[in-house]
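Comments concern the structure below.
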Amino acid sequence: MNLAMIAHLGPPGTYSEQAAFFYLNWLQKNQGIEANLSPYATIAQSLQAVATGASQLAVVPVENSIEGSVSMTLDQLWQLESLKIQLALILPISHTLISCATSLESVQTVYSHPQALAQCQGWLAQCLPNVNLIPTNSTTDALERIKQDITTATISSSRAAQLYNLPILASGINDYADNSTRFWVVSKAQSDADYQTFSTKKSHTSLAFSVPANRPGALVKALQIFAQLDINLSRIESRPTKRSLGEYLFFIDIEANADIALMQVALAELRNYTEILKIFGSYDVLAISP
């Protein structure tokens, strides 16, 4: 097959690029597929690149152990058609403060992605209580800027500091040591055969649905299907439909393969209680070593 393009949040040095690079190596080793990484300015653009065919795959963050779900990923997966999850990757996250400042006392402004700022909010409040916190599209967006201003800093990875040849002012600044982010590897649904995982286990399934508005017990009836069949749900989250205040979509992760008979029964029954049902695919979960 032709060289695959893997979209991810850029610029180079982001945690998304780390996860994408791991998957690139995994593809080469396990399937003999050659691939290149393709950075995009936003998570939405990464997924849109797959939807339009500009990239065959995207590696996007979906959930952090400290700050929870990445809403942009969930919203885009719902809005874009024919996208399918191929694999989940778990990446340990250790944040560093990168700056040309000589000391913490010299730092006046800290840039980073909103998730990174939130994951370090306790450390920032204690060690840099008076700085300006400015959100950026990624953890590496402002790295070039801090070279020109020694009063600025960025929260990013130690790998990013090496890539941009910048000094680390403080390490391990995330508020919880056990910090990790789950990424999804996403392709177009019709590309399944090209990028299937080698294992047939596929331990998880992700889906989303909307329910008829103003119908008492609509969500309970949908969830009871899985309880009655003894199928475990590992995550459930609501997101606004963006049509009207008080209307929600529900994203669910299920600890089962959608192809097994019991899940087929559950999904067939679920359709009776949902307005729109989108099944994003079944997949394995791989942990990335730090």
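Without hydrogens or angle criteria, S238 side chain to F250 main chain gives no donor-acceptor distance under 3.5 Å. Side-chain atoms of N64 come within 3.5 Å of backbone N or O of E67 as a donor-acceptor pair. Side chain of Q264 to main chain of A261: no donor-acceptor pair is present (N/O by atom type, distance under 3.5 Å, no hydrogens or angles). Not one N or O on the side chain of E63 forms a donor-acceptor pair closer than 3.5 Å with the backbone of G68. Of the possible donor and acceptor atoms, one in the side chain of S99 sits under 3.5 Å from a partner among the backbone N and O of A101. A side-chain donor-acceptor contact under 3.5 Å links T52 to the backbone of Q48.
Using a cutoff of 4.0 Å between basic side-chain nitrogens and carboxylate oxygens, E269 and R271 are not scored as salt-bridged. Between E275 and R243 there is a salt bridge, since a side-chain N of the basic residue sits under 4.0 Å from a carboxylate O of the acidic one.
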Using the rule given for salt bridge (Lys or Arg N to Asp or Glu O under 4.0 Å), can you reason through K278 versus E81, listing the C-alpha separation, both sets of side-chain angles and the distance that settles it, and then say yes or no? CA-CA 9 Å; K278 293 190 176 186; E81 297 297 330; 3.2 Å; yes

Criterion ring pair (Phe, Tyr, Trp, His ring centres under 6.0 Å) on H95 and Y15, from CA distance to verdict: CA-CA 10 Å; H95 290 305; Y15 295 103; 5.3 Å; yes

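Residues satisfying the side chain to side chain contact (heavy atoms under 4.5 Å, CB included) test with N132, not counting sequence neighbours, are T109.
Classification of the F251-F280 ring pair by plane angle, with boundaries at 30° and 60°, yields parallel.
Using a 4.5 Å cut-off between side-chain heavy atoms of Ile, Leu, Val, Met, Phe, Trp and Tyr, with links allowed through other members, I155 and L166 fall into different hydrophobic clusters.
Cluster partners of Y176, by chain and number: I66. The rule joins Ile, Leu, Val, Met, Phe, Trp and Tyr whenever side-chain heavy atoms lie under 4.5 Å apart.
Here side chain to side chain donor-acceptor pair (under 3.5 Å) pairs that include residues 157-175, with residues two or more places apart or in two chains, are E17-R159.
L74 is not listed as a side-chain neighbour of L77, based on a closest heavy-atom distance of 4.5 Å or more. Looking at heavy atoms from C-beta onward, V211 lies in side-chain contact with F209 at the 4.5 angstrom threshold.
Shortest non-hydrogen contact noted between A160 and S156 is CB-OG, 3.3 Å. Nearest heavy-atom pair, V107 versus A153, reported as atom, atom and distance to 0.1 Å: CG1-CB, 4.0 Å. For the residue pair L47 and Q76, the shortest heavy atom distance occurs at CD1-CB, 3.6 Å. When all heavy atoms are compared, the tightest approach of S112 to T139 is OG-CG2, 3.6 Å.
Taking the ring centre of Y248 as origin, the terminal cationic atom of R239 falls outside the region bounded by 6.0 Å and 45° from the ring axis.
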